[in-house]
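Take a look at the structure set out below.
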Amino acid sequence: MTPRGILASAPTAKRIDGEGRLVLSPGFLDIQSHSRDALLQGDGRVVSKVSQGFTTEIMGEGSSNAPANALNSTEGDASFAGPHGFDRWLRAMKAHGSSVNFGSFVGQGTLRAYGKGMAAGKA
């Protein structure tokens, strides 16, 4: 444990007085976010997340809105079809506006459906 006051005279551009506070922490990361709809068309402020201290959301662990084609119509969004659909999806969320930082993987379920639809069997 660092002794109290050890940084009191350290040079800084901004100092936060945490005296009497119970917790002082950096923003939290949600690494399994499901805020895709809010960030794309809903309330991009994602107040429920921000009020809990989340500042970054990572999506796509299972599925993502892009890339899309005729085979994955249940997973993807037709407006994000084609080779640059994933980029268009991320840019659409950015254009919509967000109070958090966000990023996404290409969802494994989305890729599987992109390649073979909902057919059973090996990919």
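The analysis underlying the following values was restricted to heavy atoms, covering all of them including side chains, and did not include hydrogens, waters or symmetry mates.
For the pair Arg112 and Ala123, the tightest heavy-atom approach, listed with the atom from each and the gap, is NH1-CB, 3.3 Å. Annotation for Leu71 and Tyr114: closest pair CD1-O, 3.4 Å, computed over non-hydrogen atoms. Closest of all the heavy-atom pairs between Ser63 and Thr110 is CA-OG1, 3.3 Å. Residue Gly44 comes nearest to Leu39 through the heavy atom pair O-CD2, 4.0 Å, listed as atom of the first residue, atom of the second, then distance. Shortest non-hydrogen contact noted between Ala66 and Val106 is O-CG1, 4.1 Å. Here the closest heavy-atom approach between residue Ala68 and residue Ala78 is recorded as CB-N, 4.2 Å.
For the pair Asp87 and Phe80, the minimum side-chain heavy-atom distance is 4.5 Å or more. Looking at Val100 and Thr56, their side chains never come closer than 4.5 Å, going by heavy atoms from C-beta outward. When side chains are defined from C-beta on, Phe102 does not count as touching Ile58, because their heavy atoms never get closer than 4.5 Å. Pro67 places none of its side-chain heavy atoms less than 4.5 Å from the side chain of His84.
Note that CG of Leu90 is 9.0 Å distant from OG of Ser64, once rounded to the nearest 0.5 Å. Residue Met59 holds its CE atom at 8.5 Å from CZ of Arg36, rounded to the nearest 0.5 Å. Summarising the geometry, atom NZ belonging to Lys49 is positioned 3.5 Å from atom CD belonging to Glu57; distances are rounded to the nearest 0.5 Å. One distance of note links CZ of Phe28 with CG of Asp30; it measures 11.5 Å at 0.5 Å rounding. Separating the CG atom in Asp43 from the OG atom in Ser48 is a distance of 9.0 Å, to the nearest 0.5 Å. In this structure, CZ in Phe54 is found 10.0 Å from CD1 in Ile31, a value given to the nearest 0.5 Å.
Crowding of Lys116 atom NZ: a count of heavy atoms from other residues, nucleotides or ligands under 6.0 Å exceeding 12. Within a 6.0 Å radius of CZ in Arg45, no more than 12 heavy atoms belonging to other residues, nucleotides or ligands are found.
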- Determine, step by step, whether Met93 and Arg91 satisfy the side chain to side chain contact (heavy atoms under 4.5 Å, CB included) criterion, reporting the C-alpha distance in whole Å, the side-chain angles of both residues, the deciding distance to 0.1 Å, and the verdict. CA-CA 5 Å; Met93 287 191 290; Arg91 290 179 189 276; over 6 Å; no

- Query: Between Ser79 and Trp89, is a side chain to side chain contact (heavy atoms under 4.5 Å, CB included) present by the stated rule, with each step listed?
  - Reply: CA-CA 8 Å; Ser79 60; Trp89 171 54; over 6 Å; no

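Note on Leu29 and Val46: separate hydrophobic clusters, where clusters join Ile, Leu, Val, Met, Phe, Trp and Tyr whose side-chain heavy atoms are under 4.5 Å apart, directly or indirectly.
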